Number of protein chains: 2
Amino acid sequence: MALPDTRTKILDAAEHLFAERGYRGTSVRAVTDLAGANLAAVGYHFGSKAELLAAVARRVTEPITAAQSAGLDELLARTADPQVAELVEAFAGPLFDEMPAGSESGARTSRLIVTILSDPAEEARSWTGPDEDTVRERYLAAFARALPGLAPQELLFRMRGIFAVTAVDRVEVYHRPSPACPTVTAGEEARRWAITFLTAAMSAPPTRAHR
Amino acid sequence: MALPDTRTKILDAAEHLFAERGYRGTSVRAVTDLAGANLAAVGYHFGSKAELLAAVARRVTEPITAAQSAGLDELLARTADPQVAELVEAFAGPLFDEMPAGSESGARTSRLIVTILSDPAEEARSWTGPDEDTVRERYLAAFARALPGLAPQELLFRMRGIFAVTAVDRVEVYHRPSPACPTVTAGEEARRWAITFLTAAMSAPPTRAHR
DNA sequence: ACATGAGTCATACGTTCGTTTTAATCGAAC
DNA sequence: GTTCGATTAAAACGAACGTATGACTCATGT
């Protein structure tokens with residue numbers, strides 16, 4: 001394999017460190033040190049630390065969004081009204097998938113997403129592209145068809161729940177490395193548990209209006 | 001009412017700012033400025049920024065943990081085997097309750113919890129006391145009785161899901177102030193939606209072992 | 001041969017951070 | 001009325017941060 005250029009080495013290092021320590025907890029110096037690059041390389045290749053974060057986020061999010069979109073396409077090609085379980089699997093599945101690169105990068109990816117999303121820093125919040133919104137809206141429409149009678153706002157609440165479960169799970173795994181069973185919840189098992197959990201949750205009857 | 005002393009004024013300001021900007025994003029100076037106190041007061045009253053965070057976290061978490069514990073006590077006094085829905089409500093409910101102080105402090109509280117929990121900073125991770133663990137284990141046992149046949153690890157996964165949904169919901173509300181309906185998901189409605197969502201999720205049949 | 005441009009490098013700048021230090025202030029006990 | 005412990009005030013410290021700058025390297029095109 002060809003040795004990676006400085007730009008991707010920085011990207012890799014930044015992804016690792018942002019995921020582990022957060023945006024604010026990661027200094028540009030730490031990134032360039034881990035990447036074996038010079039401090040000024042970040043400014044040269046990305047402009048600023050915030051733009052580096054955006055580049056990392058884009059690289060991580062892109063294949064996930066693409067897989068979500070393709071999964072929905074496949075579903076809709078088969079039937080006009082997919083079942084809730086199918087939609088959940090198509091939407092949440094890619095969030096559990098390993099990246100093609102390494103073995104541990106799957107957990108790292110989800111960790112990165114939630115770390116970024118929950119980071120209160122201003123720069124960490126405005127990196128989503130139009131693709132993410134498009135996919136989200138398409139799934140929203142599909143879920144709305146599969147769950148008639150559910151108020152749009154409760155549906156929105158539930159879709160947030162999907163993301164919450166998939167993301168926060170990984171954070172906990174990352175934060176509390178239980179020495180007994182480190183990889184039990186990682187990988188395929190967590191994926192299936194999550195789909196069970198979320199399918200049941202999404203399929204719940206609408207909450208009755210209060211009073 | 002008596003005007004609060006410097007210590008509680010700092011505690012209040014820190015709670016507000018930690019919730020809004022995170023631990024790393026909040027400077028000690030910002031806290032003391034908002035509190036109308038002197039910079040050195042933090043060092044004097046709390047020792048360090050990290051210990052200030054711990055004090056804030058304790059103050060926020062304590063009543064929630066107490067309410068969770070009391071809720072379970074009430075349930076167990078009535079019946080030896082509470083239903084899943086009752087357990088979910090007793091466990092997740094307090095996370096949605098408003099604090100006695102103000103109107104908006106409810107969302108701020110949950111926001112604080114998840115901000116702290118998801119903060120990768122070392123100081124932000126080791127503030128939980130033994131009470132939290134005790135309550136968690138008691139609920140774990142109660143859920144295990146209510147959900148026979150569910151593997152312990154899948155049950156653990158699901159309990160993480162409860163926390164994920166309640167916490168991340170608040171983050172999203174905080175992060176993306178939708179101009180159309182700012183307070184729709186806040187308060188009582190989100191609480192009932194969450195309980196619907198989580199009760200269905202917890203009650204799902206166990207995931208079948210793969211292969 | 002040599003000018004060009006992208007890439008890399010060491011270094012410095014200005015700012016902000018958490019913490020510490022020293023002096024001033026206040027209320028109550030004697 | 002003085003003394004003393006408890007707080008607050010103001011200033012300063014050293015370290016770490018993001019960023020900008022200018023020189024250097026070197027393959028490439030002519």
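These figures come from a predicted structure and were not determined experimentally. Letters A, B, ... mirror the listed sequences (proteins, then strands); counts begin at 1. In what follows, every heavy atom counts, from backbone to side chain, and hydrogens, waters and symmetry copies are set aside.
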Counting only side-chain nitrogens and oxygens, does B:Thr6 get under 4.0 Å of the OP1 or OP2 atom of D:dT7? no

Kindly give the atom pairs (protein nitrogen or oxygen, nucleotide nitrogen or oxygen) under 3.5 Å for nucleotides 10-13 of chain C.
residue	atom	partner	partner atom	Å
C:dA10	OP2	A:Asn38	ND2	3.2

Please pick, from C:dG18, C:dT8, D:dG18, the nucleotide with the shortest atom-to-atom distance to any side-chain atom of A:Lys49. D:dG18

Applying a 4.0 Å non-hydrogen cut-off, can you work out what A:Thr32 is touching in the nucleic acid: base, sugar-phosphate, or nothing? nothing

A:Lys9 NZ to C:dG7 P, straight-line distance once rounded to whole Å: 14 Å

Rounded to the Å, how far apart are B:Asp33 CG and D:dT8 P? 16 Å

Atom CG of B:Leu53 and atom P of C:dG18: how far apart are they, to the nearest Å? 12 Å

Answer yes or no: is there a donor N or O on one side and an acceptor on the other, between the side chain of B:Thr61 and the main chain of B:Arg58, under 3.5 Å? no

A:Asp5 atom CG is separated from C:dT8 atom C1', nearest whole Å, by 13 Å

Looking at the side chain of A:Tyr44, which of D:dC17, C:dG18, C:dT8 is the nearest nucleotide? C:dT8

Can you tell me how the ring of B:Tyr139 sits relative to the ring of B:Phe91, calling it parallel under 30°, perpendicular over 60° and tilted otherwise? perpendicular

Is a donor on one side and an acceptor on the other found under 3.5 Å between the side chain of A:Thr199 and the backbone of A:Thr196? no

Using atom types as modelled and distance alone, determine if a side-chain donor or acceptor of B:Lys49 lies under 3.5 Å from a backbone N or O of B:Thr26. yes

May I ask you to test the A:Leu198-A:Arg158 pair for a side-chain heavy-atom distance under 4.5 Å? no

Protein-nucleotide distance (A:Phe46, atom CZ; D:dG18, atom P), rounded to Å: 15 Å

Nearest whole Å is fine: how far is D:dA20 P from A:Glu51 CD? 10 Å

Can a side chain N or O of B:Ser27 be found less than 4.0 Å away from OP1 or OP2 on C:dT16? no

Given 3.5 Å as the limit, does a donor-acceptor pair link the side chain of A:Glu154 with the main chain of A:Thr207, or not? yes

Assess, by modelled atom type and distance only, whether the side chains of A:Thr8 and A:Asp5 contain a donor and an acceptor separated by less than 3.5 Å. yes

Under 4.0 Å between a side-chain N/O of A:His45 and OP1 or OP2 of C:dA6, yes or no? no

